[in-house]
Participant: 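Sharing a structure here in structure tokens format.
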Protein chains: 2
Amino acid sequence: MPELPFTLDQLRILKAIAAQGSFKKAADLLYVTQPAVSLQIQNLEKQLEITIFDRGGRKALLTEAGRLLLEYCERILNQCDEACKAIEDLNSLKGGTLVVGASQTTGTYLMPRMIGLFRQKYPEVSVQLQVHSTRRTGWSVANGQIDLAIIGGQLPSDLENLLQIIPYASDELALVLPSKHVLSNKKELLKEDLYKLNFVTLDSQSTTRKVVDKLLQDSGLDIHRLKIEMELNSLEAIKNAVQSGLGASFLPVVSIERELEAGTIHKAFVADLEVKRELKLITNPSRYTSRASEEFKKNILPQFASLESPLRKL
Amino acid sequence: MPELPFTLDQLRILKAIAAQGSFKKAADLLYVTQPAVSLQIQNLEKQLEITIFDRGGRKALLTEAGRLLLEYCERILNQCDEACKAIEDLNSLKGGTLVVGASQTTGTYLMPRMIGLFRQKYPEVSVQLQVHSTRRTGWSVANGQIDLAIIGGQLPSDLENLLQIIPYASDELALVLPSKHVLSNKKELLKEDLYKLNFVTLDSQSTTRKVVDKLLQDSGLDIHRLKIEMELNSLEAIKNAVQSGLGASFLPVVSIERELEAGTIHKAFVADLEVKRELKLITNPSRYTSRASEEFKKNILPQFASLESPLRKL
DNA sequence: AATCTCCATAAACTAAGATTATTCAAATAA
DNA sequence: TTATTTGAATAATCTTAGTTTATGGAGATT
């Protein structure tokens, strides 16, 4: 590995002299003394074994070798300036990329709004959203492919102590019925009423499904007595199924805002039953946190929810 | 003028770490200790206010900012390498430009051969030949437009002490006659015979003409008694005139080698008359001498003539 | 658990680069 | 011409950035 025969400072001095036509003026421009530039140019000439300036007359003129070197000098210094600008932009969030992760539900209904707000504030930062399972999202955060993520399920224990897990908001999983369903008229259902319903659920692999099952079980229900009409793998499909009167379901409220407003889906209240899951923000503490990631965490996330007040619409 | 936020050494270290994936290996590669690279990267990170490497696991991984910087880093270092190569080429005469000057005669008959030899040795150095009057050539050498020149005439006195003037070779100005001329049979002419000839000469502005006139006068001849048939401004034109039998002339031997060999021109000897002029090499001592110029002066010029032995054919 | 590897930190040392002061040469002015 | 000014080179001192040796600590490896 060869040593570099010159320094950026020397190139800067070379450029200044070439521009000013004088060692002294270059020295003034660079806020150093004249001997400093003389010495540096002498070093440069010695190391490259060339003569760069003809110092004969009143002003310093470039030799052929000097002109040749100056060309590269300009290019190199320009690249340096560009690099600085690029880094500055990155620091001031005028560039760069933020990669956020989410599981199905948050990825579909929450993240897009957050990203929208972020992009509104920092249009020059490009944002990538990766929607995966809770587990895969966790691993991606662990190995740095994702800067930060919001998940609703339980992480494998090995990941739990590798990642920073911050409770973010609680997400209610509401019992929804077709608007025309007989039970839609009742103010409040009883737990036992659930056994009378036909359910359209997520497939049993899904984290959200597991969460719902566990919560129902914890509240004393026998989930095996619940009638499952069909299992689908998309919330949108389930929503359509419910709207079509095919059955009931537990769905995240964030996913049915529009339908509730339009009245095409009915949200039922069940006495003594609160199906909620904690949405958690996960990051990798042992990794560098980009400015964009910081910003997202500090100023974007709180605008949508806090631990005390659950998710609110905008 | 902003200070540069990084040094080439830091970029070199950055590149090495990125390539090796480890601070330690980079240190080994660069023949420094590991703390040295640690410190330099820390400085770099501090100055740019970014984190460049994730030092978490076994190997150092680039952050987004690090990758961004690395891109510029590669470009900059490549430019540096290229600059070095270009300078090296210039030093080893594998590039660059040599500008030589000459007056009419040497420029037409001598220089092309010299340049040919030079180019044969250094094909990558481009050579430029500028043929001008002695005076203009002198000035061009003075202000650096020409690296070195060969002239046959007298320089203005102000230029004489500004330039380095080295006697190079003597150039015989031979009396030439048409082959069929009556006097071409005589072994040796007398000075008086010159008055019987019709001369075809260069125009009176020409340095060569002035030199010839002065030499003839110095040897006791009355130049006004010489009959001048016509004055032309090109040696080639004069040669043609002589060959066509229009008259005699004093011509540099270097310019009539082919014709003498072919027998189309006759070279006469005149008793007690030797018309010779000194060819001089001129350079500018107060200016940088390029390697190409040095080489031309030291190794090319001597192959064609020296002071002792006049110009020889190759 | 024990060892190893790799990075960070501390303290001492080295050397490159900056400054002040001075000399020298050339260009300008008197 | 001589005197003055301007710009660059040189010398000596000083500052500081960068390197080294030595050491400590956190993760990975056995």
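Sequence lines set the chain letters: A, B, ... in the order given, protein chains first and strands last, and positions in each chain run from 1.
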Participant: For D:dA17 and B:Asn43 - does any side-chain N or O of the residue sit under 4.0 Å from the phosphate oxygens OP1/OP2?
Facilitator: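 No.
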Participant: Looking only at side-chain atoms of A:Pro35, point me to the closest of C:dC7, C:dT19, D:dG7.
Facilitator: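 Shortest atom-to-atom distance from the side chain points to C:dT19.
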Participant: For A:Leu4 and C:dA16, give me the distance from atom CG to atom P, rounded to whole Å.
Facilitator: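 Value for this atom pair: 15 Å.
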Participant: Would you say the side chains of B:Gln164 and B:Thr283 form a donor-acceptor pair under 3.5 Å?
Facilitator: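 Judged by distance alone, the side chains do pair up.
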Participant: Look at B:Ser38 and C:dA8 and indicate whether a side-chain polar atom (N or O) is within less than 4.0 Å of OP1 or OP2.
Facilitator: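 So the side chain of B:Ser38 is within the cut-off, an N or O lying under 4.0 Å from OP1 or OP2 of C:dA8.
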Participant: How close or far is atom C1' of C:dT5 from atom CG of B:Asp28, stated in whole angstroms?
Facilitator: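 It works out to 12 Å between those atoms.
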Participant: Side chain of B:Gln40, heavy atoms from C-beta onward: which of C:dG17, D:dT19, C:dC7 has the nearest atom to it?
Facilitator: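 Of all the options, the side chain of B:Gln40 is nearest to D:dT19.
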Participant: Over how many whole Å does the gap from B:Leu39 atom CG to C:dC13 atom C1' extend?
Facilitator: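 The answer, rounded to whole Å, is 14 Å.
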Participant: Ion pair present between A:Glu64 and A:Arg67, side-chain N to carboxylate O less than 4.0 angstrom?
Facilitator: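 No salt bridge links A:Glu64 with A:Arg67.
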Participant: Quick one: which of C:dA8, C:dT19, D:dT20 gets closest to the side chain of B:Val32?
Facilitator: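 Side chain of B:Val32 sits closest to D:dT20.
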Participant: Whole angstrom is fine here: how far is it from NZ in B:Lys24 over to P in D:dT20?
Facilitator: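 These atoms are roughly 12 Å apart.
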Participant: Which heavy atom of B:Ala65 sits nearest to which heavy atom of A:Ile87, and what is that distance?
Facilitator: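 In terms of heavy atoms, the two residues are closest at O-CD1, 4.1 Å.
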Participant: Under 4.0 Å between a side-chain N/O of A:Ser22 and OP1 or OP2 of D:dA8, yes or no?
Facilitator: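 The answer is yes; a side-chain N or O of A:Ser22 sits under 4.0 Å from OP1 or OP2.
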Participant: Counting only distance, no hydrogens or angles, is the base of C:dA8 paired donor-acceptor with the side chain of B:Gln42 under 3.5 Å?
Facilitator: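 Between C:dA8 and B:Gln42, which were checked side chain against base, a qualifying N/O pair under 3.5 Å is absent.
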Participant: State whether A:Lys25 and A:Asp28 are salt-bridged, where the test is any N-O pair (Lys NZ or Arg NE/NH1/NH2 against Asp/Glu carboxylate O) under 4.0 Å.
Facilitator: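 Salt bridge: no.
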Participant: Let me spell it out: for each of B:Thr33 and A:Gln34, pick the nucleotide of DNA chain D with the closest heavy atom. Which residue's pick is nearer the 5' end?
Facilitator: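 Mapping each residue to its closest nucleotide by heavy atoms, the 5'-most match is A:Gln34.
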Participant: How many Å lie between NZ on B:Lys25 and P on C:dC4, as a whole number?
Facilitator: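 Interatomic distance, NZ of B:Lys25 to P of C:dC4: 18 Å.
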Participant: Report yes if a side-chain nitrogen or oxygen of B:Arg55 is closer than 4.0 Å to either non-bridging phosphate oxygen (OP1 or OP2) of C:dA8; otherwise report no.
Facilitator: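 Answer yes for this pair, as a side-chain N or O of B:Arg55 is under 4.0 Å from OP1 or OP2.
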Participant: CD of B:Gln10 versus P of D:dG18: gap in Å, rounded?
Facilitator: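 Value for this atom pair: 7 Å.
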Participant: Would A:Thr63 and B:Ser290 count as a side chain to side chain contact (heavy atoms under 4.5 Å, CB included) if you check the C-alpha gap in whole Å, the side-chain angles of each, and the deciding distance to 0.1 Å?
Facilitator: CA-CA 8 Å; A:Thr63 62; B:Ser290 73; over 6 Å; no
Participant: Give the rounded distance in Å between these two atoms: NZ of B:Lys46 and P of D:dG18.
Facilitator: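 After rounding, the reported distance stands at 11 Å.
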Participant: Provide, to the nearest angstrom, the distance between the CG atom belonging to B:Leu44 and the C1' atom belonging to C:dA8.
Facilitator: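 Between C1' of C:dA8 and CG of B:Leu44: 17 Å.
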